[in-house]
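First comes the structure, then the notes that go with it.
Not measured: the values here are computed from a predicted model. Chain letters run A, B, ... following the sequence lines, proteins first, then strands; residues in each count from 1.
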2 protein chains.
Amino acid sequence: MKAEIIAVGTEILLGQITNTNASVVARALATLGIDSLHQQVVGDNPERLTAAIDLAAHRADLVVLIGGLGPTKDDLTKQTLAAYLHVPLVVNFPAHENLRRYAKQSGHAMTPNNWVQAKLPFGAQPLTNHVGLAVGAIASRGPQHFVLLPGPPREFEPMVRDELLPALAKLAGGHAVLRSRVLRFFGIGESALVTQIADLIDGQTNPTVAPYIKDFEVTVRVTAKAASDAEADALIAPIAQELLTRLAPYCYGDGDDNSLAQTVVRGLADRQWQLTAAESLTAGALQGALGDVAGVSEWFKGGFVTYSNATKASMLGLDKATIDAHGAVSEYTAKAMAKGALRQVGADIAVSLTGVAGPGPNEGQPAGTVWIGVATAQGVTAQEYHFAGTRNSVRGRAVKAGLFAVIQALQK
Amino acid sequence: MKAEIIAVGTEILLGQITNTNASVVARALATLGIDSLHQQVVGDNPERLTAAIDLAAHRADLVVLIGGLGPTKDDLTKQTLAAYLHVPLVVNFPAHENLRRYAKQSGHAMTPNNWVQAKLPFGAQPLTNHVGLAVGAIASRGPQHFVLLPGPPREFEPMVRDELLPALAKLAGGHAVLRSRVLRFFGIGESALVTQIADLIDGQTNPTVAPYIKDFEVTVRVTAKAASDAEADALIAPIAQELLTRLAPYCYGDGDDNSLAQTVVRGLADRQWQLTAAESLTAGALQGALGDVAGVSEWFKGGFVTYSNATKASMLGLDKATIDAHGAVSEYTAKAMAKGALRQVGADIAVSLTGVAGPGPNEGQPAGTVWIGVATAQGVTAQEYHFAGTRNSVRGRAVKAGLFAVIQALQK
């Protein structure tokens, strides 16, 4: 099956928003083995949208239309698709019932607009929106399928993942279910990872194995089509096991919405441990990342940003002359910072980061040199890293490496 | 002039990278009054790329091709364009001379590939790449223009801004120069801002006035075409002045690469002041943002992440019972945190942030309630905010509001 993605919206043509939806749905389709050879962007204009749909329908079996499903006069994607397919727009009663349920849950009254939003091209299969009012749909014409998806990413992404992909898996393979498992890795580059699992990526069609890199982390998605959840899981399990065996030192967790910071917080909760931190080059960014996790306050009461040797000494109860003698970026200082923070806060585990963010060298050490220390009641360790890239890339990698070091210590 | 943007790259079709370049160039073209009605994405395939170019050439005067300018066999955009235009690819000597200069500067030896990279469609005008080896170009066929741009954003963005836009300004208007000035605002929503300056946006063709929102900040770009820099600046000045008059309370600076954090650091340098911070809900993210600015270490020696009332008291030398009595999210606590941090570090200015990030309420206060305090030797102030959105949106807005509060205090 070949797909073509059409994003609809004048604000994309003007560059006011970036077309992130296209890459999200393209990546999702790829897990089903559905490639696309073309993407289009077109404004909220019925003539040009009709031409775009027609062009796509001549090149692809699956035409995915994104945006323009709202209730205002600018929103005309489903009207245009219905006209193109020569079918009327009619109220879809299951969709309307879902809207009524959603409105009740979120405390909104139903309005006449809700009838407009529940209208779909005649014969289309609705895609439920659990976080908003725009109803998605799959309209079919013989072997060809046309998909309607809402534009706002917070409605779009769950609809793609939870509604569209399972429906397409059925259409594409006659299978009842589509399941995927995402494994998350840190500390290995994408090309090194791909090299180690090239045979699994190339050799597999069900499940598929798809690596993806973002923000210095690599995820690998294993997706299976099968007749039942149990069958799909049985297809996924040996491949996931093989990935974990080959890439064990780098795996820190799984799941779509997981992150290093969430894994740290879960690990702290498991051990009932309090964390603290002393950050130099990252200047609070690691603690800031922990703050992203709801519920972290139970396991993190506070920490230090010790940017100068003087604050390293005064805040962490260390001797400035000794830090000066060893240098701010050294094994000694990383260990002393972690131990000092642990002691000052009375925590169970402390992480310290000190390094040269750049752009230039510092104290004779090149930009990218970073020491990360971890202290617990059992003792203190420190490790040296050399990160490439700009100042912010070095700091971003250091934050992730610090979180990964905490995870490893928690798993000991 | 109508433009059409074609991004070339299989990795975009697979969703492995997001097509950010298209929005960057679309936004840039809009400042020249050049709109586009269509965008396309196509893979590294000469037949499909030829068809995409031909389709665009039938709908637009300006066809912008992005990506596929590298020296590998996958990179065939300029070869395909040359074939489409029925012209040979020839070494462009000014481009080759620039490559030689760039290689010398960056300490690389020239290779045979450099000859390939210096080849352009016969008659094309080169666009210089100051940060990489891929040479851009504008090839013209009668009144129609075809632009070649490199894919990597760090090469693409400066080429669009510094090379393509001035060249297009000449082509479009016969003007010698294109200048723009970017004003930066915080604390006002995009729609409120647009309402206040709607007459300037709608009434202007030279200069154009283009607002843009990103990461809770609004920028307004004023762009003029003229025969000389001085003439362009003279066109920009009264509009910029009018914008500043109407939006004075929200303006914090100007420039493309500016940020609230950079403006804070510049303000500290002007006053020769040391800053510190005590962060609760933002958990270090404000200090982390300051760490993004090279050279901040002279004006920021460290600060505190005080997530619990106990660490607020112990780290900042406050009385926990009094904090408990007033509540963590209160005017009292925000002021006490700022004063405490100022005193502990011996700094000249301290900012404090305490609030309810959410998702749920805390201590009876709804998510989004934030108090920000600023202390100097002259005294302490605190202000209450109510931010909408998710936990991370509340925290992100709080960081920006904290930086803005420091800027206002520094400008007093």
Side-chain angles (χ1 to χ4, degrees), chain A residues 12-20 22-30 35-43 45 48 52 55 212 277 279 281-288 290-292 294 296-297 300-308 310-312 314-315 344-345 357-359 391-392 395, chain B residues 12-20 22-30 35-43 45 48 52 55 212 277 279 281-288 290-292 294 296-297 300-308 310-312 314-315 344-345 357-359 391-392 395:
Chain A
I12 303 176
L13 292 175
L14 291 171
Q16 289 169 347
I17 60 172
T18 299
N19 190 6
T20 53
S23 58
V24 169
V25 76
R27 213 156 56 233
L29 293 176
D35 294 335
S36 35
L37 298 177
H38 299 90
Q39 291 178 7
Q40 300 184 61
V41 180
V42 66
N45 171 289
R48 286 191 286 274
L55 178 61
Y212 178 60
E279 298 183 60
L281 85 155
T282 49
L286 180 143
Q287 297 170 79
L290 286 174
D292 284 348
V296 65
S297 59
F300 171 68
K301 304 302 182 197
F304 306 90
V305 179
T306 54
Y307 218 56
S308 67
T311 52
K312 285 178 184 70
S314 67
M315 291 184 185
Q344 296 292 78
V345 173
R391 177 180 177 86
N392 287 343
R395 296 178 67 243
Chain B
I12 303 176
L13 292 176
L14 290 173
Q16 290 170 346
I17 60 172
T18 299
N19 189 7
T20 54
S23 58
V24 169
V25 76
R27 213 157 57 234
L29 293 175
D35 293 336
S36 37
L37 299 177
H38 299 89
Q39 291 177 7
Q40 300 184 62
V41 180
V42 67
N45 170 290
R48 287 192 285 274
L55 178 62
Y212 178 59
E279 298 183 61
L281 85 154
T282 48
L286 180 142
Q287 297 169 78
L290 287 173
D292 284 347
V296 64
S297 58
F300 171 69
K301 303 303 182 197
F304 306 90
V305 179
T306 54
Y307 218 56
S308 68
T311 52
K312 285 178 183 71
S314 67
M315 290 184 186
Q344 296 293 78
V345 174
R391 177 180 176 86
N392 288 343
R395 297 177 68 243

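Contact count versus chain A (heavy atoms, under 4.5 Å) is highest, among B:Ala277, B:Ala357, B:Ser36, B:Gly358, for B:Ser36. Residue with the most contacts toward chain A among B:Thr306, B:Leu14, B:Leu37, B:Thr20: B:Leu37 (heavy-atom pairs, distance under 4.5 Å). The most heavy-atom pairs under 4.5 Å with chain B, out of A:Leu281, A:Thr18, A:Asp292, A:Asn45, come from A:Asp292. The most heavy-atom pairs under 4.5 Å with chain B, out of A:Gln40, A:Met315, A:Gln344, A:Gln16, come from A:Met315. For the options B:Leu29, B:Val24, B:Asn19, B:Val41, heavy-atom pairs under 4.5 Å to chain A are most numerous at B:Val41. Considering only heavy-atom pairs separated by less than 4.5 Å from chain A, the leading option among B:Gly303, B:Ser314, B:Ala22, B:Ala30 is B:Gly303. Counting heavy-atom pairs under 4.5 Å between each of A:Gly43, A:Ser297, A:Ala28 and chain B puts A:Ser297 at the top.
For A:Thr282, the part lying near chain B is the backbone, with the side chain staying farther off; criterion is any non-hydrogen pair under 4.5 Å. Both the backbone and the side chain of B:Ala294 come within contact range of chain A, with heavy atoms under 4.5 Å apart. Of the atoms belonging to A:Val345, it is side-chain heavy atoms, and not backbone ones, that fall under 4.5 Å from chain B.
Applying the side-chain hydrogen bond (donor to acceptor under 3.5 Å, both in side chains) rule to B:Gln39 yields no partners; only residues at least two apart in sequence or on another chain are considered. Partners of A:Arg27 by side-chain hydrogen bond (donor to acceptor under 3.5 Å, both in side chains), not counting sequence neighbours, listed by chain and number: A:Tyr212.
The distance from the NE2 atom of B:His38 to the CG atom of A:Leu55 is 9.0 Å, given to the nearest 0.5 Å. Note: B:Thr311 OG1 to A:Phe300 CZ = 8.0 Å, rounded to the nearest 0.5 Å. With rounding to the nearest 0.5 Å, the separation of CG in B:Leu13 from CG in A:Asp35 is 9.0 Å.
With contacts defined as side-chain heavy-atom distances shorter than 4.5 Å, the pair A:Tyr307/B:Leu290 does not qualify.
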